[in-house]
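Everything below concerns the one structure shown next.
Both ligands and their constituent atoms are indexed starting at 1 by order of listing.
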Amino acid sequence: KVHYHKWKINYQSWAPDCMQVQVISINGKYPGPTVRAQVGDTIVVELENQMPTENVVVHWHGIRQIGTPWNDGTPSMSQCAINSGETYIYRFVVEKVIPMFDKYGGLVVRRLDWSALIAGTYFYHGHYGLQRSAGLYGSLIVDPAGKEPFSYDGELSIILNDWWHKSAYEQAIGLSSNPFVWVGEPHSLLIEGRGKFNCTTVSTDSSNTCNATHSQCLPHVLIVKPGKTYRLRIASVASLSALNFLIQGHKMTVVEADGHYLEPVEVDNLDVYSGESYSVLITANQDPANNYWAALNVRGRLPKTPTGLAILNYLPNPSAELPTSPPPASPLWNDFAYSKALAKKLVALKGHEEVPPRQSHRQLVFLNTQNKINGFLKWAINNISLVLPPTPYLAAMKYKIRNAYDTTPPPDVYAPRNYNITVPPPNPNATEGNGVYVLRMNSVVDVILQNANTLTPNNSEIHPWHLHGHDFWILGYGDGVFDPAKDPKKYNLVNPPLRNTAALFPYGWTALRFKADNPGVWAFHCHLEAHLFMGMGVMFAEGIERVGRIPRSSMGCGLTRNKFMRHP
Ligand SMILES: O=C1O[C@H]([C@@H](O)CO)C(O)=C1O
């Protein structure tokens, strides 16, 4: 089945947290419309960029784009950004498949036997500049062809976000300026695009409109019937904040993450890092005379943002009836031990998910550092800060346009190996680069993410790393410096969760394994909007010779423009 969508993307006045700002809307709506399909279906989105002055692309987060790597929605990577006034057609299949090749190297897509494995909670978002922060995002839900390994009576879905009144454009300029201007902590936390800023703190002049009773900032309402069980889908597109979500008086049973089933775990609250998605089961088993708060708090950074709130509304109570008791509290923002313990509890559902290969062919060790380049503040991986080239890698690699990017491969491991991760870098200099890690097709790759101190003494941050085009197994998390002799012995090779996003905790490491089985060029980056913008990412490529014919509509820029576009 083909699901056809026609989208017009433009700025629009909106008041997500009661403060009137310009958001990026899709067909006049914020957040964007939900895209829903069944496993094996095709999604077509005809996207018209109506923004007067900005380019755009949309990334289908968690969808592997097997056979369509040019539709991953990443500028300079998979495609040329869609210019103002232009239309681009995204077309892809929502199916988790094992890519297979015939003897001529042609792609034959084989479906996994367990069709239930593929369904799950996804989302889409802008991937150009900081446009995700400007509100360009929405839900993408893939239903299974068969039965789920859990049951529920109804379904609810929310996307979590953090929110600023300063435009994404102004934020981007600050981040790329010297002196550096940091985006700061968010003004509000939003649940399904709704939050509440305290309007009484806003000075009223003609440019500031904060209206505490605006209908767009009424809290989001999750409607339930007493006694029933619901599947609540939760995803985070937060720009900066790690978040903790909880519902007053209700336990949550986590059953799915990033489109893969988990061994059910009951929790009082759930950490959700940017780029992650979950399904939790909740049962409306509390006093039906009341409504209850769903609450959202910042973790990992000293919170300066009030709790984000939504209402769990027990029918037939009025949805506007506010819960009588105060919102429940999340764990302390800096209780990292709590977050690590929770992360380690999430393992794959036995018998439903593929187990990892016992060995890998290649190990990459990525040191995450904050650096200075010519006085500009950056993030670097193995001392290289990613600066995207004007020509998209995919076409440049496929059509061998060698001067489009740096063909010297970046380093597999950081140097010096005795780098002290507990203090700011003694020499904060790094270089800019756009080289690619070329992976052997179908090889098994381990990535060890190694965290370190930022430029600020006694500071190391959480980084949620997201991989395009693949899912990886999270083999383990550890504190301090990764020990290649000892730590792999502690890997979970039995039931590690398959994910597309994994948290890297302060001063620690996270070990990932994936199969380089999807022909294309794929970004792997910190999902914090500002951090990717400051260079915190790397590029992977595999099986380029097996990539099909790239549509010309994705190549109208840089050196591919000269090569492929007809000139008048
Ligand atoms: O990238 C970042 O920059 C700031 C700070 O380190 C410098 O202002 C911050 O908190 C980040 O996460």
Residue from Asn71, Asn49, Asn83 passing side chain to side chain donor-acceptor pair (under 3.5 Å) with Tyr88:
Asn71
Could you find the nearest protein heavy atom to atom 10 (O) of ligand 1 and give me its residue, atom name and distance?
Arg301 NH2, 2.6 Å
More than 12 foreign heavy atoms under 6.0 Å from NZ of Lys372: is that the case here?
no
Nearest protein heavy-atom contact for atom 8 (O) of ligand 1: which residue, which atom, what distance?
Phe180 CE2, 3.6 Å
The closest protein heavy-atom partner of atom 1 (O) of ligand 1 is Trp379 NE1, 2.9 Å
Looking at non-hydrogen atoms alone, which of Lys378, Gln370, His463, Glu461 comes nearest to atom 3 (O) of ligand 1?
Gln370
In sequence, state the C-alpha distance, the side-chain angles, and the governing distance for Asp471 and Arg499, and then conclude on salt bridge (Lys or Arg N to Asp or Glu O under 4.0 Å).
CA-CA 5 Å; Asp471 297 313; Arg499 311 275 316 239; over 6 Å; no
Just checking Asn458: does its CG atom have more than 12 heavy atoms from other residues, nucleotides or ligands closer to it than 6.0 angstrom?
no
Is there a polar contact, in the sense of an N or O pair closer than 3.5 Å, between Thr456 and ligand 1?
no
Met534 heavy atoms within 4.0 Å reach ligand 1 at atoms 1 (O)
Within 4.0 Å of some non-hydrogen atom of His531, the atoms of ligand 1 are 1 (O), 2 (C), 11 (C), 12 (O)
SG of Cys217 to SG of Cys18, below 2.5 Å?
yes
